[in-house]
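Here the structure is laid out as C-alpha cells; the discussion comes afterwards.
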Amino acid sequence: MKKTDISDLQHFHKVVDCQWACPAHTNVPEYIRLIAAGRYTDSYMLNWFSNVFPGVLGRTCDRPCEPACRRGRVEEKPVAICRLKRVAADFKDDISDRLPAIPSKKNGKRVALVGAGPASLAVARDLLPLGYEVVLYEKDQRGGGAMRTQIPAFRLPESVLDEEVDRILDFGVECHFGQPVQSMGWLLKQGFDAVFVGSGAPRGRDLDIPGRQEASANIHIGIDWLASVAFEHINTIGKRVVVIGGGNTAMDCCRTALRLGGEQVTVTVRSGFDEMKASPWEKEDAMHEGIPILDYHAPKSFQIDNGRLSGVWFEKMRAERDDKGRRRLVPTGEPLVLIPCDDVLMAIGQENAFPWIERDIGIEFDQWDMPKLDADTFQSTHPQVFFGGDAAFGPKNIIWAVAHGHAAAISMDLLCQGKDLHADRPAKGVTLVSQKMGMHDWSYGNDFAATQRLAVPHADKFKTLKNIKVEVELGFDAEMALKEAARCLNCDVQTVFTENLCIECDACVDICPEDCITFTTNGDEAELRTRLTAPATNLDQPLYVSDPVPTGRVMVKDEDLCLHCGFCAERCPTGAWDMQKSILTLPQAGGVCRV
C-alpha cells in the first residue's frame, strides 16, 4: 500500500466516526469535552454553528452519529450523544452577546425563503449576518415547519422550539406567516436575487382500500392530524384508535392519541417489527406507554356499521425468500383479523407536492416529479432557484435539512456575488494540533474504563399521559452528564506517526490494548488486512500505513480498532507517536456564525 496521505482531510475526518456520520458534521467530541468541563455555553455555541438547533435536536434528532460511535464497538451501547447535546442547551447561559452582528446597512441583495422549516431557517441564519435581506413566506401562522407541526409537545416543548426559531427570525427576517406561495412565477417577479424552497414534504400518503370514502370522517392523515393538534384545532379522539404505519410519525401519532383520550391505541405495521422505520427509542417509548405494535398486519378494508367506521380488517403476512433470494411479504392464509376502532390515523409515508410551481418557468422535474438539482450546490435548472430539506430529495430529517440549508446558503451567496458555484466554493480543511503537555501528560482525558450508557430519566408516566405538553424525558443532570461525557473516546485526537523517529522497539505494539498496531512487510491492502496482529475486517474503516522504517517494514494501524487512548504515544521513547487533535473547518456562507 502507498503511505497514507494524512494531509487529505478525508482520512482523519472519517476516523471521527460520529462527526463523519452527522450530516452537518457537528464537532461531537469537542462539544462533549466542553460539557465535561462544565462549559455548557461554549458547547452550545459550538453546536449552534453546525446544527443551528441544539435544543431541538438534543431532543428529536434521528442520531445518525450514535450507531457510528466507537464506544458502541467496545461496549453494548454508544455514547448518548444526542442527550448530551440537550445538556448543553438546558444548562447554557445567556448567549445574546455571542451571536453574530446583523449589519444595519444591507448588501443590496434580497433572497426569498419558501417555508419556515429547518432548511429555510438555516439559510436565513447564514445569510442575514452577511447583510442580505431575507423575506420568508410560510403557510402556517408560526415558524418551525415540521419541527412544530409534526413533533408533539411532550417530546419537544414549545418554549425550546420558540427560543431557537425566534432567535433566527429576530435577526431581521421579513416574515409573511399565513401566506402560502401560490405561484413560483409570481415569486420570481418580485425581484429577488435568489429563491430557496424549503417547503418540506407536505403530503401524507393515503390508503385506497374498501370503505375509505365511507369512513373518511374518522380516518385522518397522520401529519395533518399532528399539525392540527399542534395548533390546537383538535384536542380529542375516539376511545379506540388504530394507527397504520411503522415510522416515527406513527409513533408520534399513537402517543398523541393516547394523550387526547384514546384508551385502546394500537399500532399496525405491514412488515416485521425489526424492519420498522421508527427509531428504536421511539418504539420503546410507545410500548413503555402500553401501546401494542402488531407487525405483519396488512390493512385490507375498513369496517362500516350504520354509516360509521367501526374497525379495520387486516390480513396477516409473513416474510419469505423467492427463488432469487429476494425477500417479500406474502399472506399467511390465516383468517382476516378485525381490530375494532373509532378513529384511524394513517402514517404510511410522506411525499412532495409542487402544484404551485409552474412547469414552464425553467425548473425541470424528474419522473418522480421532484426538481432536478445539482447535488453539491442545490441549484435547480433555474439558476436563481434552490431547494433544500425534504423539498430537495424527499423526506429525511431535521439534521439533513440543516446541512442542506448550509450548502444552499453558500451557493446563494456565491450566485449573488457573481461567482462560480463550484469553482469558487470554499473548501473544508483539517488542522492537527498536538495535545502533548509534558512527557506523559495530554490535554484530554485518555482513561478508558468500561462504563455502560446511562438511561435518561423520564417523568412520571401517569402525569405525562394526562397532559400533552408535559415533556416525557427529563434530560441528564450535571452529574449524569459528566459520567456520560466520560464515555467519549476522543476519536478526534488522532495518533500521528513519524517514521524517521521510530527505532522499532515495539513498545507501542506491546502496550496497545486493542492490538491495532502492526509492523510488517508491506502488501496489497486486501492481503495486508488479513495478516495484521488483529485482522482488519471492517472495510469501511481505513488503514493508516507509514513509509518503510529502517528494517524495511511499515507501520500499519487499523483505524477501526484504535481507541485513541494514547498509550502508544505515552510509551514511545522517541516521540514517533504523537496525539494530535484534528479540527475540521467546515465552510459556511461567510463563516461569520463560527464561534
Check: How many angstroms lie between NZ in K85 and SG in C61, if you round to the nearest 0.5 Å?
Finding: 5.5 Å
Next item on the list: Report yes if some heavy atom in the side chain of V123 is under 4.5 Å from a heavy atom in the side chain of F386; otherwise report no.
Entry: no
Note to self: Quick test of your reading of the model: are K77 and E75 salt-bridged, counting only N-O distances below 4.0 Å?
What the structure shows: no
Checklist line | Pairing residues for D578 by the salt bridge (Lys or Arg N to Asp or Glu O under 4.0 Å) criterion, not counting sequence neighbours | finding: none
Check: Who are the side chain to side chain contact (heavy atoms under 4.5 Å, CB included) partners of D540, not counting sequence neighbours?
Finding: N538
Next item on the list: Please say whether more than 12 non-hydrogen atoms of neighbouring residues, nucleotides or ligands are located less than 6.0 Å from CD in E527.
Entry: yes
Check: Does some side-chain heavy atom of F476 sit less than 4.5 Å from a side-chain heavy atom of V456?
Finding: yes
Margin query: Run the side chain to side chain contact (heavy atoms under 4.5 Å, CB included) test on N248 and K277 for me, step by step, so that the C-alpha distance in whole Å, both residues' side-chain angles and the decisive distance to 0.1 Å come before the verdict.
Written below: CA-CA 7 Å; N248 285 336; K277 292 183 179 178; over 6 Å; no
Checklist line | Exam field: side chain Q494 to backbone C491, donor-acceptor pair closer than 3.5 Å | finding: yes
Note to self: So that I can tick it off, tell me whether R453 and E66 are bridged by a salt bridge, with the cut-off set at under 4.0 angstrom between side-chain N and carboxylate O.
What the structure shows: yes
Margin query: Between Q541 and D17, is there a side-chain donor-acceptor contact under 3.5 Å, judged purely by atom types and distance?
Written below: yes
Notebook entry, point to check: Can you list the residues that meet the side-chain hydrogen bond (donor to acceptor under 3.5 Å, both in side chains) rule with E504, with sequence neighbours excluded?
Noted result: T551, R553
Check: Going by heavy atoms in the side chains, are T26 and N47 under 4.5 Å from each other?
Finding: yes
Notebook entry, point to check: With sequence neighbours excluded, what pairs up with T4 under the side-chain hydrogen bond (donor to acceptor under 3.5 Å, both in side chains) test?
Noted result: none
Notebook entry, point to check: F387: what forms a ring pair (Phe, Tyr, Trp, His ring centres under 6.0 Å) with it, not counting sequence neighbours?
Noted result: F354
Note to self: Restricting to side chain to side chain contact (heavy atoms under 4.5 Å, CB included), what partner residues turn up for D90, sequence neighbours left out?
What the structure shows: R59, R86
Item checked: salt bridge (Lys or Arg N to Asp or Glu O under 4.0 Å) pairs, two or more places apart, involving residues 19-36 -> E30-R33, E30-K581, R33-D492
Next item on the list: For the residue pair F196 and V111, establish whether any side-chain heavy-atom pair is separated by less than 4.5 Å.
Entry: no
Check: Less than 4.0 Å between a side-chain N and a carboxylate O, is that true for R98 and D42?
Finding: yes
Note to self: Set out, in order, the CA-CA distance, both residues' side-chain angles and the distance that settles side chain to side chain donor-acceptor pair (under 3.5 Å) for R63 and S279, then state yes or no.
What the structure shows: CA-CA 9 Å; R63 317 178 194 176; S279 305; over 6 Å; no
Checklist line | Candidates V16, V15, L561 - the one meeting side-chain contact (heavy atoms from CB on, under 4.5 Å) with R70 | finding: V15
Notebook entry, point to check: Where the side chain of E514 meets the backbone of L563, is there a donor-acceptor pair that is under 3.5 Å apart?
Noted result: no
Result block: side-chain N/O donor-acceptor pairs under 3.5 angstrom for residues 398-419, not counting sequence neighbours:
residue, atom, partner, partner atom, Å
H404, ND1, G389, N, 2.9
H406, ND1, D126, OD2, 2.7
H406, NE2, S50, O, 2.6
S411, OG, T377, O, 2.8
S411, OG, A407, O, 3.2
S411, OG, R425, NH1, 3.0
S411, OG, R425, NH2, 3.2
D413, OD1, Y132, OH, 2.5
D413, OD1, Q417, NE2, 3.1
D413, OD2, Q417, NE2, 3.0
Q417, OE1, K419, NZ, 3.3
Q417, NE2, D413, O, 3.4

Notebook entry, point to check: Does H11 have any ring pair (Phe, Tyr, Trp, His ring centres under 6.0 Å) partners at least two apart in sequence or in another chain, and if so, which?
Noted result: Y544
Checklist line | Rounded distance (nearest 0.5 Å) linking atom CD1 of I81 with atom SG of C22 | finding: 9.5 Å
Next item on the list: Check salt bridge (Lys or Arg N to Asp or Glu O under 4.0 Å) between E163 and all other residues, then give those that pass, not counting sequence neighbours.
Entry: K92, R167
Margin query: According to ring pair (Phe, Tyr, Trp, His ring centres under 6.0 Å), who are the partners of F497, at least two apart in sequence or on a separate chain?
Written below: W577
Notebook entry, point to check: If you measure from NE2 on H382 to CD on Q379, what distance do you get to the nearest 0.5 Å?
Noted result: 10.0 Å
Margin query: How about CG on N500, more than 12 heavy atoms from neighbouring residues, nucleotides or ligands closer than 6.0 Å, or not?
Written below: yes
Notebook entry, point to check: Would you say Q19's side chain and P29's backbone share a donor-acceptor pair under 3.5 angstrom?
Noted result: no
Margin query: Side chains of T537 and R529, heavy atoms from C-beta outward: is any pair under 4.5 Å?
Written below: no
Notebook entry, point to check: So do the side chains of E473 and D285 get within less than 4.5 Å of each other, counting heavy atoms only?
Noted result: yes
Note to self: Applying salt bridge (Lys or Arg N to Asp or Glu O under 4.0 Å), can you list everything that pairs with R155, at least two apart in sequence or on another chain?
What the structure shows: D252, E282
